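Here is the structure we will look at.
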Amino acid sequence: MGLRRGLCYFVGDPSMPELPEVETVARGLRRTILGRRIVSVRLGKTDFIDDPATLEQHLPGRQIEAVERYGKFMLLRLSAMKRSGRTTANGDAAPAALLVHLGMTGRIAPNPASQPCGKHTHACFVLDDDRELRYTDARRFGRLAYLQSAALEEELRFFGADPLEISTKEFIEQTRSRRARIKGLLLDQAFLRGVGNIYADESLWRAKIHPARPGASLSREQAAVLRRVLRDTLEKAIVLGGSSISDFLDADGEPGEFQLRHRAYGREGKNCFRCGATIRRAIVAGRSSYFCPKCQPSPRGFTPLPLPRRLAKPAGK
Ligand SMILES: [Zn+2]
């Protein structure tokens with residue numbers, strides 16, 4: 001293991017890290033910082049941090065007891081403060097959590113304290129073993145928040161089920177009771193937490209379901225297949241370290257490999273791996289959506305975007 005322990009997600013398009021990429025980062029942190037105590041906190045720019053003063057005040061002294069992924073963000077579970085012979089009135093006696101959302105360009109990784117801080121390092125958590133957990137974020141679309149139990153509960157209340165855990169029965173019922181387009185439903189964090197544009201398109205291609213179909217139009221069998229392939233796709237992507245659209249690196253500085261398995265996402269104008277038809281793009285639920293017009297029959301009246309000239313094949317091919 002060298003110094004390239006970057007846990008990084010950096011993309012050139014509006015994709016954000018989704019469940020597999022965040023899970024990859026969380027696994028790296030579990031391997032490297034679990035059980036360490038935060039000694040002190042240094043902050044740079046704080047416009048992406050909820051209440052930075054609270055974070056500076058309450059983190060030092062706490063131990064990192066668990067690193068959890070929740071949807072597309074992480075929770076670093078922190079121990080209660082041990083203050084001998086004193087009771088604390090400010091909640092320090094209770095366990096708390098640090099919420100870490102990587103936004104588009106956030107990365108969080110432990111570094112030797114002796115190593116100079118990289119550009120755009122905006123939060124530095126000094127650990128008790130001569131390392132620092134550093135958060136860098138060029139665009140600062142991420143978020144850090146120190147949350148005590150009530151605030152954390154409030155924060156998590158609006159999120160739906162984890163797509164790796166939802167039961168077939170619940171998925172079928174939830175999907176078929178909604179008139180929204182299935183692509184929009186998959187992206188709706190109140191329905192499922194953690195799915196974004198890439199894995200929604202990949203799952204719909206695998207399930208042969210057009211992204212613009214209303215949830216209620218799916219048969220029970222189609223909904224069951226979609227739940228199964230969604231889970232399979234996410235699990236395979238986790239095994240492969242996520243999708244490196246541009247420069248995603250895992251805990252050991254290795255890129256993810258799932259982008260090599262993309263079957264729909266980003267493949268406009270290319271041939272469908274299943275039937276050879278040309279993959280098309282449309283805006284569904286406000287997002288670019290890639291699909292095969294032959295394997296994923298569209299609902300009535302739906303037209304994809306015209307194929308850009310640079311992607312159109314010569315006539316007869
Ligand atoms: Zn096809």
Side-chain angles (χ1 to χ4, degrees), residues 11 13-15 18-21 163 168 171-172 175-176 178-188 191-192 194-240 242-245 256-317:
V11 289
D13 74 1
S15 294
E18 300 182 30
L19 187 156
E21 291 78 36
T168 306
F171 187 90
I172 291 173
T175 310
R176 297 183 75 236
R178 307 277 289 273
R179 296 185 59 184
R181 299 189 189 280
I182 187 65
K183 170 76 182 264
L185 279 177
L186 292 177
L187 297 181
D188 180 358
F191 168 45
L192 284 176
V195 181
N197 214 24
I198 296 175
Y199 297 100
D201 282 6
E202 290 300 305
S203 307
L204 289 168
W205 182 87
R206 284 163 171 82
K208 302 185 186 175
I209 296 169
H210 193 281
R213 294 253 319 257
S217 78
L218 268 59
S219 68
R220 296 186 69 82
E221 292 69 30
Q222 284 176 319
V225 168
L226 179 58
R227 188 211 68 116
R228 181 170 52 75
V229 299
L230 174 62
R231 198 174 64 179
D232 287 353
T233 306
L234 293 168
E235 284 174 346
K236 283 198 181 93
I238 291 170
V239 169
L240 292 172
S243 294
S244 292
I245 299 302
E257 289 180 1
F258 191 74
Q259 73 280 4
L260 303 174
R261 310 272 179 106
H262 287 180
R263 294 294 178 258
Y265 182 81
R267 297 195 68 247
E268 185 181 24
K270 299 205 167 101
N271 293 339
C272 172
F273 281 102
R274 212 160 28 208
C275 75
T278 304
I279 296 286
R280 302 297 296 270
R281 185 170 73 94
I283 304 297
V284 182
R287 302 293 300 276
S288 267
S289 301
Y290 301 87
F291 59 94
C292 170
K294 205 167 156 194
C295 299
Q296 296 166 266
S298 70
R300 211 190 305 259
F302 184 88
T303 42
L305 294 168
L307 212 53
R309 193 175 292 173
R310 68 188 160 81
L311 296 176
K313 296 187 181 87
K317 272 196 123 184

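In listed order, ligands and their atoms are each counted from 1. Predicted model only: the values in this text are computed from it and were never measured.
Taking a cut-off of 2.8 Å, the protein N, O or S atoms nearer than that to the Zn ion (ligand 1) are Cys272 SG, Cys275 SG, Cys292 SG, Cys295 SG.
Residues Pro293 and Ser298 are not in side-chain contact: their nearest non-hydrogen atoms beyond the backbone lie 4.5 Å or more apart. Using a 4.5 Å heavy-atom cutoff, the side chains of Pro308 and Glu268 are in contact. When side chains are defined from C-beta on, Val195 does not count as touching Leu19, because their heavy atoms never get closer than 4.5 Å.
Taking a cutoff of 4.0 Å between a charged side-chain nitrogen and a carboxylate oxygen, Arg287 and Asp201 do not qualify as a salt bridge.
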Output a table of donor-acceptor pairs, distance under 3.5 Å, between side-chain atoms of residues 231-240 and any protein atom two or more places apart or on a different chain; print 'none' if there are none.
unit_1, atom_1, unit_2, atom_2, d
Thr233, OG1, Val229, O, 2.5

Quick one, Phe291 with Val284, criterion side chain to side chain contact (heavy atoms under 4.5 Å, CB included). Give me CA distance, side-chain angles, the key distance, then yes/no. CA-CA 11 Å; Phe291 59 94; Val284 182; 5.9 Å; no
